[in-house]
Amino acid sequence: MAHPLQLGFQDAASPIMEELLHFHDHALMAVFLISALVLYIISTLMTTKLSNTNTIDAQEIEMVWTIMPAIILIVIALPSLRILYLMDEINNPDITIKTIGHQWYWSYEYSDFVDLNFDSYMISTKDLFPGQFRLLEVDNRMTTPIGMATRMLISAEDVLHSWAVPTLGVKTDAIPGRLNQASFLISRPGVYYGQCSEICGANHSFMPIVIESLPIKEFLNWTSASVNS
């Protein structure tokens, strides 16, 4: 959950988001070192009164500042490609959930269970209980088990939407007539919030996403209660 004046990312709740955080720190360090070196060279050239033809026109240094950026790009690109493949890899999911974006709410369908589907609407401000978050709480939370590979099938009924949960490192467009998929594995219990990240009309900011992660036994109890109700 984000908090006021937060400068970094939210705490990771999935292995993919942990990889993204590590890559962000890795790339940021490379950017910081490059910026520091360029700033030092510029300040040195502007303040020194000495000049040397060996530094102004030298084939060796031109080779260095041509090869070094290529090496830096490779060092950044390889971890990035690895994470891209990990994000797209879906192997034998334990549970499949289909979500459809509407104007302006989400509907969920659990494909592995019989007759388990519901709509998820935002709770208006006047109906919130103490401790609940304005514009983020919903009447029916999507519930998933901890430590199980979850596949999301994402589509839309009317206009473009985007199913995004920053803590899990998931952001997938919901497109009418097209079925996109994403996967995640939640590593710890909790409640995770997201929102539609594609401008979809007048009430775009009023279709939040809430995921509650439970131990497997409590999840099965929840599915039984939801089906029976």
Side-chain angles (χ1 to χ4, degrees), residues 1-2 6-32 71-101 106-112 120 136 138 141-157 159-200 204 207-214 216 219:
M1 181 68 191
Q6 180 175 338
L7 298 179
F9 292 99
Q10 300 181 28
D11 293 337
S14 69
I16 291 296
M17 190 58 191
E18 291 177 2
E19 294 285 344
L20 290 173
L21 290 178
H22 293 156
F23 175 71
H24 169 266
D25 297 340
H26 169 73
L28 198 62
M29 182 57 66
V31 171
F32 174 77
I71 296 175
I72 294 172
L73 288 176
I74 292 173
V75 170
I76 294 176
L78 291 179
S80 175
L81 291 174
R82 173 178 173 271
I83 296 175
L84 284 175
Y85 278 104
L86 287 176
M87 293 177 68
D88 287 337
E89 185 176 2
I90 300 177
N91 288 329
N92 299 323
D94 299 309
I95 183 173
T96 299
I97 304 174
K98 181 179 179 181
T99 179
I100 299 178
W106 297 97
S107 61
Y108 297 96
E109 178 183 337
Y110 288 71
S111 304
D112 302 294
S120 180
L136 287 178
V138 296
R141 294 175 173 176
M142 173 184 143
T143 305
T144 59
I146 302 172
M148 296 184 67
T150 304
R151 175 176 61 182
M152 295 296 303
L153 302 177
I154 302 167
S155 184
E157 184 186 40
V159 298
L160 291 176
H161 300 279
S162 184
W163 198 84
V165 183
T167 310
L168 304 180
V170 177
K171 183 180 185 297
T172 304
D173 288 341
I175 304 172
R178 181 187 178 109
L179 197 63
N180 292 331
Q181 65 177 356
S183 65
F184 58 85
L185 187 149
I186 300 180
S187 54
R188 53 189 172 87
V191 179
Y192 309 106
Y193 296 89
Q195 289 179 304
C196 176
S197 296
E198 187 75 37
I199 297 177
C200 55
H204 156 67
M207 48 183 306
I209 301 161
V210 183
I211 300 177
E212 184 173 2
S213 180
L214 299 174
I216 182 62
F219 172 75

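Worth knowing before you read on, the calculation uses all heavy atoms, side chains too, and leaves out hydrogens, waters and symmetry mates.
Side-chain N or O atoms of S120 include none that pairs as donor or acceptor with a backbone N or O of S107 at under 3.5 Å. At distances below 3.5 Å, at least one donor-acceptor pair connects side-chain atoms of D112 with backbone N or O atoms of T96. Listed for the R188 side chain is no donor-acceptor partner under 3.5 Å among the backbone atoms of S213.
Atom CD1 of I199 is surrounded by 12 or fewer heavy atoms from other residues, nucleotides or ligands within 6.0 Å.
Of all the heavy atoms in I95 and P145, the pair that sits closest is CD1-CD, 4.3 Å. In this structure, L168 and S14 approach most closely via the heavy-atom pair O-OG, 2.9 Å. Heavy atoms only, all atoms of each residue included: Y193 and V165 are closest at O-CG1, 3.9 Å.
Here the side chains of L160 and I175 are in contact, with some heavy-atom distance below 4.5 Å. Side-chain contact between R82 and E19: present, with at least one pair of heavy atoms (C-beta onward) separated by less than 4.5 Å. Within the 4.5 Å cutoff, the side chain of F9 has no heavy atoms near those of the P166 side chain. Side-chain contact between I209 and M142: absent, with no pair of heavy atoms (C-beta onward) separated by less than 4.5 Å.
Note on ring orientation: taking the six-membered ring where Trp is involved, the planes of Y110 and F219 are tilted (angle from 30° to 60°).
The CE atom of M148 sits 4.5 Å away from the CD1 atom of I216 when rounded to the nearest 0.5 Å. A distance of 6.0 Å separates SG in C196 from NE2 in H161, rounded to the nearest 0.5 Å.
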